[in-house]
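Each ligand, and each atom within it, is numbered from 1 in the order the structure gives.
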Amino acid sequence: MTVSKPILPGAALGVLGGGQLGRMFCHAAQSMGYFTAVLDADAASPAGLVSHYHIQTAYLDEKGLTELANISAAITTEFENVPAAALATLATKRPVSPSAESVAIAQNRVAEKAHFVACAAKGGADAITVAPYAVIETAVDVVAIADDLLPGILKTTRLGYDGKGQIRVATQAELTAAFAELGGVTCVLEKMLPLKAEYSVILARGRDGQVVHFPPQLNVHVDGILATTSVYEGNMPLAGIKRAIAAAISVANELQYVGVLCVELFLLHDDTLVVNEIAPRPHNSGHYTIDACDVSQFELQVRTLCGLPLTQPRQHSPAIMLNILGDVWFAGNSATAQTPPWDQILALPGAHLHLYGKKDAKKGRKMGHLTITGANVEAVQATTAKAAAILGIAKY
Ligand code: ATP
Ligand code: MG
């Protein structure tokens, strides 16, 4: 369903998925005066805990979806792998953004790559670059692979996240073994590229096609999981900034996308920018926007969903976001979980602590994040180093 009039505060907004992204969406919506409804089967989900309404059913449960549609004036998603069919069902009754079609493309690496290739073909001078790749469906495809795709990374078409569902391969024999290890499901083999750095660009696109965006964000991963996002003047070579933003906008425009979109990019050693993948929602690399920008990625999600005006975000402080994983509860090789010394963290000027309300700390589980802001990047870096030392985060 489409709407012509904006949905104003006082209405209820629905979100599929109860994770931390949904929680921060609820916070943003509530601070603007909306009511929120979360659909997530988990009684203790981070978003369910803070929402006015929490419907505890599976994503495809008809009763649950009907209830969500009845409560909500419009509905969004916070979870990339929510079945596109659930969004399509809701869209027959209420405005839904992003659309089921956009989410379906982002959920499927083959469709996603094909979309990037289509954008590249149309891009002219601003054409985006895509890593060389091949789709692998059968053992025959494995044998037929061009040698120059190796060494490469074999990635499952669906359900990959935080580096899961992918295996690095150097030879045909390793590729054969990796394809079997991933269960023989359809995969994409991507050529291994020489990365100088990784970035993301987050944008919001309205129903009328208006686009606003955040600056390119420098991301560092440790063990396949985002560890830090650094956003300050000079975090990317100047020539790359315009190209990164143009690439992200072209990907969104070609999708007729409505909502908040994150585009992950690789900067190669020869300064080529390559589009890696998209997330059809706010992104972990955009959490700093809550504390360092005059409008956050979550507020922009509310605005796009409600058909409200979008204003170009202004970052008012340099910032580093440090992810807080469950490992921090086991610092110093403790066998049992210990509450980290949050009081020491809160003694640091410019430290903004966000915890997601998850009861059980597990290694590798995203429990929260810390955004450090300051007057200049040197101060931010120094404070981040202190925070990491307090929390026992050695690699960041
Ligand atoms: P997430 O959902 O956490 O963003 P993911 O599991 O969906 O990640 P990708 O983003 O495709 O997977 O890859 C994870 C990481 O692996 C990238 O951030 C990058 O560090 C590395 N990587 C992926 N593809 C390539 C490539 N073609 N060449 C070099 N490194 C790569
Ligand atoms: Mg990724």
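Contact annotation: for M192 versus ligand 1, heavy atoms closer than 4.0 Å belong to both the backbone and the side chain. When heavy-atom distances to ligand 1 are checked against a 4.0 Å cut-off, H221 comes that close only through its side chain, counted from C-beta outward. Residue contacts with ligand 1 for R109 involve side-chain atoms from C-beta outward but no N, CA, C or O (heavy atoms, distance under 4.0 Å). Counting heavy atoms closer than 4.0 Å to ligand 1, residue N276 contributes side-chain atoms (C-beta onward) but none from N, CA, C or O.
Heavy atoms of E112 stay at 4.0 angstrom or farther from ligand 1.
Between E264 atom OE1 and E277 atom OE2, the angle centred on the Mg ion (ligand 2) amounts to 100° (nearest 10°).
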Would T371 and H354 count as a side chain to side chain donor-acceptor pair (under 3.5 Å) if you check the C-alpha gap in whole Å, the side-chain angles of each, and the deciding distance to 0.1 Å? CA-CA 8 Å; T371 298; H354 299 259; 4.8 Å; no
Walk me through it: do Y199 and M236 pass the test side-chain contact (heavy atoms from CB on, under 4.5 Å)? CA-CA 9 Å; Y199 293 89; M236 184 183 226; 3.6 Å; yes
Begin from the C-alpha positions of D141 and F179 and carry the test side-chain contact (heavy atoms from CB on, under 4.5 Å) through to its verdict. CA-CA 10 Å; D141 298 333; F179 184 57; over 6 Å; no
Worked check of side-chain contact (heavy atoms from CB on, under 4.5 Å) between H287 and L21: CA-CA 9 Å; H287 291 355; L21 298 171; 3.3 Å; yes
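Of the polar atoms of H283, none of the N or O atoms is found under 3.5 Å from an N or O of ligand 1, judged by distance alone. Residue-to-ligand polar distances place L193 within reach of ligand 1: an N/O pair is separated by less than 3.5 Å.
Relative to atom 22 (N) of ligand 1, the option among V130, N219, I153 with the closest non-hydrogen atom is I153. Closest heavy-atom approach to atom 20 (O) of ligand 1 within the set K191, E198, Q166: this belongs to E198.
Follow the hydrophobic side-chain contacts under 4.5 Å out from V135 and you never reach I153; the two are in separate clusters.
For ligand 1 and E264, the ligand atoms under 4.0 Å from any heavy atom of the residue are 4 (O), 10 (O). Shown in contact with F266 at under 4.0 Å from a heavy atom are these atoms of ligand 1, numbered in order with element: 19 (C), 22 (N), 23 (C), 24 (N), 25 (C), 26 (C), 31 (C). Below 4.0 Å from some heavy atom of E190 lie the following atoms of ligand 1, by number and element: 24 (N), 25 (C), 26 (C), 27 (N). Near R168, meaning under 4.0 Å from any of its heavy atoms, are these atoms of ligand 1: 16 (O), 21 (C).
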Distance-only criterion, 3.5 Å: show the donor-acceptor pairs between side-chain atoms of residues 57-66 and protein atoms not counting sequence neighbours.
from: D61; atom 1: OD1; to: K63; atom 2: N; distance (Å): 3.0
from: D61; atom 1: OD1; to: G64; atom 2: N; distance (Å): 2.9
from: T66; atom 1: OG1; to: E62; atom 2: O; distance (Å): 2.8

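Ion pairing between a basic and an acidic side chain is recognised when a charged N comes within 4.0 Å of a carboxylate O; E190 and K113 show such pairing.
Looking at Q210 and V212, their side chains come closer than 4.5 Å, going by heavy atoms from C-beta outward.
Taking a 6.0 Å sphere around OH of Y53, one finds it holds 12 or fewer heavy atoms contributed by other residues, nucleotides or ligands.
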